[in-house]
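One structure below.
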Amino acid sequence: MALADIFTRPVPTRGSGSAPAAPAARAHGARPAMTGAAAEALVAWVDEIAALTRPDRIHWVDGSAAENDALLREMVDEGKLIKLNPEWRPGSYLARSHPSDVARTEGRTFIASTREEDAGPTNNWAAPDEIRATITPLFEGSMRGRTMYVVPFSMGAVGGPLSHIGVQLTDSAYAVASIGIMTRVGTEVVEQIAAGKPWVKTVHSVGAPLAPGEADQAWPCNDEKYIVHFPDTLEVWSFGSGYGGNAILAKKCFALRIASVIGRDEGWLAEHMLLIRVIDPQGRAFHIAAAFPSACGKTNLAMLRPTIPGWRVETLGDDIAWLRPGDDGRLWAINPEAGFFGVAPGTGQSTNVTAVETLWGNTIFTNVALRPDGDVWWEGLTDDVPDELTDWQGRPWTPASGTPAAHPNSRFTVSAGQCPQIAGDWDEAVPLDAILFGGRRATNVPLVVEATDWTHGVFLGSTISSERTAAAEGTVGELRRDPFAMLPFCGYNMADYFGHWLKVGQSLRFDRAPRIFQVNWFRKGADGRFLWPGFGDNARVVEWIVRRLQGEVEAVPSAIGRLPRTADLNLDGIDVPEADLEELFAIDPDTWLTEADLTEEFYATFDGRVPAALGAELAALRYRLTHSR
Ligand code: GTP
Ligand code: SPV
Ligand code: MN
C-alpha cells in the first residue's frame, strides 16, 4: 500500500458529513490511503462513531513496532503503565486496573439477536433497537479528551483460509497494546477490507470522557458497563470496562460469541479450547483440543511439559479454537489468536515452567504484585514468598497482610511466538484426533472417561459443570453448569448449539472424527487435597488417550463411559496411593443419578429445544446407573 499520501483528518462534527481532508506530511497514526466503495464504508463508519463519541484525535493503528513503542512510552508518562526493570523483565510493563474492573462482567454481557429465543435462556437477551437506544447515549461524547484508535485486526493468519477480520475502535491505549499482542494488527487488514472482505465492527469505550484540562486516571473506566453483541449485524459494542475480554473485543466477543453464530450458519464451530500437538516416543503426532471453563487449566495444558520420558507437547493455542470439517472428513482446527492472555496466579516454576519462560520479556502484566527490584510476583510464581511487595492495588504488602498480593484474576499478555514450545506451524490448521471436555469438580467426575461415540461425547460436553473461578464476577467455588465451557461465550441458543455439534459430527467421516473424552484434574479427597498431581503429570492421562486412539489399550465400560484399566495408566515416577487412585475413578450411582436429575432440570430450561438425541443419552445414562447399583 502506498503510504506516502496519507493525510490526517480532523474529527467531523455530528451530522455535518465528513470534514474536508487536510493534506499533511506522513503523520503518526494517520489513515492509510485506500480507495473504493468498501474503503469508503470503513471510513464512513469510523467517522460516524467519531461523530458520536467525539474523540479529540483519531489514530489509525498500523501495527508497527515503532507505534507500539510510542504508545507504551506515552502510557508510562501518563502513569498508566509501570515500566518493569529491564534487567529482569525487558520490554515489560505492569498495569493496575481500577479495583472495580478486574474480570469479565457476565451480568452486563448481552446478546442482542432479533429474536429472544435465538439468545436462549443462558444468555442475557436484549432487543436490538432497545439496547441501541440504551447504549447510544452512553457513547455520546464518551471519548471526549481522548484519542480514538482504529485497530484493524485479523483472527487467524492474515489471508488464511479460516481467518476472519474486524476493526476495533477504542479509546484505551492499553486495549490497543493488548490487541497488538493478542491478534494480527496492521494495515494489511485494511487492504483486505478495501478489497471487499467482510469484517466485524467492534466499538469500545472505557466511558470516561475528559473535560478540557482534566487529569486522567491510571485506569479510566465507568461503573456502568455494557458488553453488547449484535449477531445479526456482526457488531460488538462495549462500554465502561478496560479489562480483558470486556475490552479486547476480538477475543471472547468476536472469536467466540459472534464467531459461534457465523459458525452455526456456515457449518463450523468456534470453541473455548486450547490446541496442542502431542508427539509420542515413536515420533507420531496427535492433535488435541480441550475445552475447560475459564481458569480451569487450558493455558497449563497448552504448555504441558510431560513428566514421562519420550513424550513432547507443542503449543498451538491456549484459549480459542475454530473447528471446521474438511473435505477429507476430518475436523480441522486453528487458533485464531496471536498471543496468550493468561492467569498469573498459580503459574510457576513447578507448575508451568513453559509459561514462566514465555514471560521473560515483552509482556504486559495486569494486577500482579511489584517487587522492590522492579520485577513482578504473584502467588505461586515461586515457592518462597517475598518479604516485601507492592500489591496489585499499589499498597505496601508483606506476607502478614492477609490478602493476596496479586489479584486472583491477574493476567499476563504475551505473544504466542515467545513460547519456547510453540509449534513451528502454529498459525496453520491441524486435523484433530481428540477433543477433551473438562471442568473443576471436587467430587464425582473421574480423572478421565471416554465417550462411546460422537453423540455421547456431545452429551458429555453438554453436561459439563464446574466450580466458579475468579475469571468472571461471581462467587468463587460455586458449582454451575458450563456446557462445553461455553456458558458465557455461546452467542446463540445453547440448545441449538448442542444440535449444531451433533450436525458437525454428521459431516465428519465416522472413522475420522476426533474421539471425545472428559477429564477432571481437580477431584479432591475427603481431606480437601487434590487427588491427582496435575500439571506435567496430566501427560499420563494424555498418554492413555493417545494409546486409546491407537487401539493399544482396552477400556472398561462403565455407566458414564469408558474408563482406563488402572494398570494402563503410566504412574512410573509418581506416587499416587492406591486409595487415591480408586477415589479418582470412583463412580457412585446415587450421586450420578442426582447429577442426571440436575441435567434434566438444566435441559428443561430450554423449553423442549434440546435435541432428542441428548435426551436419549440421558435416559440411557439413567438406565445404566440404575442397573449398576
Ligand atoms: P482462562 O485464561 O481464564 O480461560 O483460564 P485457563 O483455562 O487457561 O486456566 P489456566 O491454565 O490459566 O489455569 C488456571 C488455574 O488452574 C491456575 O491457577 C493453575 O495453576 C490451575 N491449574 C491448571 N492446571 C492444573 C492442574 O492440572 N491441577 C491443578 N490442581 N491446578 C491446575
Ligand atoms: C476467560 O475468562 O476465559 C479468559 C479471560 O480467557 S478473558 O479474556 O477476560 O475472557
Ligand atoms: Mn478463556
Side-chain angles (χ1 to χ4, degrees), residues 97 101-106 109 175 178-179 181-183 227 238 241-257 271-276 290-305 307 315 317-321 337 339-356 366-367 378-381 404 406 408-413 436 438-442 447-448 466-474 476 482 485-489 519-524 528-542:
S97 80
D101 192 23
V102 294
R104 280 182 298 101
T105 46
E106 294 178 4
T109 301
S178 304
I179 302 163
I181 294 172
M182 296 304 297
T183 78
I227 325 290
S238 169
S241 168
Y243 208 86
N246 292 344
I248 307 167
L249 304 187
K251 193 173 173 60
K252 297 307 175 36
C253 299
F254 172 38
L256 288 178
R257 298 194 191 97
E271 297 299 323
H272 191 203
M273 289 179 173
L274 67 94
L275 192 58
I276 52 175
F292 309 153
S294 302
C296 290
K298 286 184 302 301
T299 301
N300 276 267
L301 188 60
M303 298 183 180
L304 184 74
R305 285 230 190 149
T307 52
T315 308
D318 86 322
D319 197 54
I320 298 178
E337 301 193 276
F340 309 124
F341 181 63
V343 178
T347 304
Q349 212 64 43
S350 56
T351 55
N352 188 350
V353 63
T354 300
V356 173
T366 306
N367 287 349
W378 51 80
E379 281 72 17
L381 175 61
N409 191 38
S410 55
R411 299 254 168 182
F412 52 78
T413 312
L436 279 44
R440 195 178 272 271
R441 291 295 307 266
L447 180 63
V448 57
S466 190
E467 291 143 27
R468 295 179 76 123
T469 65
E473 288 183 349
V476 171
D482 193 348
M486 283 288 278
L487 178 74
F489 306 123
V519 297
N520 176 25
W521 316 141
F522 301 95
R523 196 157 181 175
K524 288 180 175 172
R529 133 197 90 78
F530 288 117
L531 292 166
W532 179 247
F535 303 105
D537 288 317
N538 292 333
R540 299 164 190 276
V541 175
V542 171

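One-based numbering, in listed order, for ligands and for the atoms of each.
Every residue was checked against the salt bridge (charged side-chain N to carboxylate O under 4.0 Å, His left out) condition with Asp101, not counting sequence neighbours, and none meets it. For the salt bridge (charged side-chain N to carboxylate O under 4.0 Å, His left out) test, residues two or more places apart in sequence or in another chain that qualify with Arg104 are Glu106.
Ranking the protein heavy atoms by distance from atom 5 (O) of ligand 1 puts Ala295 N, 2.7 Å first. Looking from atom 6 (P) of ligand 1 to the surrounding protein, the closest heavy atom is Lys298 N, 3.3 Å. Looking only at heavy atoms of the protein, atom 20 (O) of ligand 1 is closest to Gly346 O, 3.1 Å. When hydrogens are left out, the protein atom nearest atom 2 (O) of ligand 1 is Arg411 NH1, 2.8 Å; that is the closest non-hydrogen contact. Annotation: atom 19 (C) of ligand 1 to nearest protein heavy atom, Asn300 ND2, 3.6 Å. The protein non-hydrogen atom at the shortest distance from atom 22 (N) of ligand 1 is Phe535 CE2, 3.5 Å. Of all protein heavy atoms, the one closest to atom 9 (O) of ligand 1 is Gly297 N, 2.9 Å.
Of all atoms in ligand 1, listed by their number and element, those nearer than 4.0 Å to a heavy atom of His272 are 4 (O). For ligand 1, the atoms sitting less than 4.0 Å from at least one non-hydrogen atom of Phe530 are 30 (N), numbered in the order shown with element in parentheses. Per-residue contacts place Thr299 under 4.0 angstrom from the following atoms of ligand 1 (heavy atoms of the residue considered): 6 (P), 8 (O), 11 (O), 12 (O). If you number the atoms of ligand 1 from 1 as listed, the ones under 4.0 Å from a heavy atom of Arg440 come out as 15 (C), 16 (O).
Proximity of Pro293 to ligand 1, defined as any heavy-atom pair under 4.0 Å, is confined to the backbone N, CA, C and O atoms. Using a 4.0 Å cut-off between heavy atoms, Phe522 contacts ligand 1 through its side chain alone, with no backbone atom that close. The side chain of Asn538, and not its backbone, has at least one atom closer than 4.0 Å to an atom of ligand 1 (non-hydrogen atoms only; side chain from C-beta on).
Separation of atoms CG (Asn520) and CZ (Phe292) is listed at 9.5 Å; rounding is to 0.5 Å. For the atom pair CZ of Phe254 and CG of Leu249, the computed distance is 11.0 Å after rounding to the nearest 0.5 Å. To the nearest 0.5 Å, atom CZ of residue Arg411 and atom OG1 of residue Thr366 are 10.0 Å apart. Rounding to the nearest 0.5 angstrom, the gap separating the CG atom in Leu274 from the CD1 atom in Ile320 is 12.0 Å. Rounded to the nearest 0.5 Å, atoms CD1 (Ile227) and CZ (Arg257) are 8.0 Å apart. Atom CG of Asp482 and atom OG of Ser466 lie 6.5 Å apart (nearest 0.5 Å).
Heavy-atom distances between Asp319 and ligand 1 reach below 4.0 Å in at least one pair.
Across all non-hydrogen atoms, the minimal contact from Leu256 to His272 is CD2-N, 3.8 Å. In terms of heavy-atom proximity, Ile276 sits nearest to Leu301 at CG2-O, 3.8 Å. The two residues Gly438 and Pro293 have their closest heavy-atom pair at O-CD, 3.1 Å. Between Ala406 and Trp378, the shortest heavy-atom contact is CB-CB, 3.6 Å. Between Ala250 and Thr183, the shortest heavy-atom distance links the atoms CB-CG2, 3.7 Å. Across Met303 and Thr315, no two heavy atoms sit closer than the pair CA-OG1, 3.8 Å.
Selection from Ala290, Pro345, Cys296 by nearest heavy atom to atom 18 (O) of ligand 1 gives Pro345.
Residue Lys252 has no N or O atom closer than 3.5 Å to an N or O atom of ligand 1.
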Next on the checklist: Determine whether Thr299 and Asp318 satisfy the following criterion, side-chain hydrogen bond (donor to acceptor under 3.5 Å, both in side chains), listing intermediate values before the conclusion.
Outcome noted: CA-CA 5 Å; Thr299 301; Asp318 86 322; 2.7 Å; yes
- Query: Is there a side-chain contact (heavy atoms from CB on, under 4.5 Å) between Cys253 and Ser238 once you walk through the steps?
  - Reply: CA-CA 9 Å; Cys253 299; Ser238 169; 5.7 Å; no
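Just one residue in the list Asn538, Asn352, Thr354 forms a side chain to side chain contact (heavy atoms under 4.5 Å, CB included) with Asn300, and that residue is Asn352.
Excluding waters, the set of protein N, O or S atoms lying under 2.8 Å from the Mn ion (ligand 3) comprises Lys252 NZ, His272 NE2, Asp319 OD1.
Annotation: cation-pi geometry satisfied between Lys252 and Phe489 (NZ/CZ under 6.0 angstrom from ring centroid, within 45° of ring axis).
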Check ligand 2 for close polar pairs with the protein: N or O on both sides, less than 3.5 Å.
unit_1: ligand 2; atom_1: 2 (O); unit_2: Arg104; atom_2: NE; d: 2.9
unit_1: ligand 2; atom_1: 2 (O); unit_2: Arg104; atom_2: NH2; d: 3.0
unit_1: ligand 2; atom_1: 2 (O); unit_2: Ser294; atom_2: OG; d: 2.9
unit_1: ligand 2; atom_1: 3 (O); unit_2: Lys252; atom_2: NZ; d: 2.6
unit_1: ligand 2; atom_1: 3 (O); unit_2: His272; atom_2: NE2; d: 3.2
unit_1: ligand 2; atom_1: 3 (O); unit_2: Ser294; atom_2: OG; d: 2.5
unit_1: ligand 2; atom_1: 6 (O); unit_2: Lys252; atom_2: NZ; d: 2.6
unit_1: ligand 2; atom_1: 6 (O); unit_2: Asp319; atom_2: OD1; d: 3.4
unit_1: ligand 2; atom_1: 6 (O); unit_2: Asp319; atom_2: OD2; d: 3.4
unit_1: ligand 2; atom_1: 8 (O); unit_2: Gly245; atom_2: N; d: 3.3
unit_1: ligand 2; atom_1: 9 (O); unit_2: Gly245; atom_2: N; d: 2.8
unit_1: ligand 2; atom_1: 10 (O); unit_2: Arg104; atom_2: NE; d: 2.9
unit_1: ligand 2; atom_1: 10 (O); unit_2: Lys252; atom_2: NZ; d: 3.1

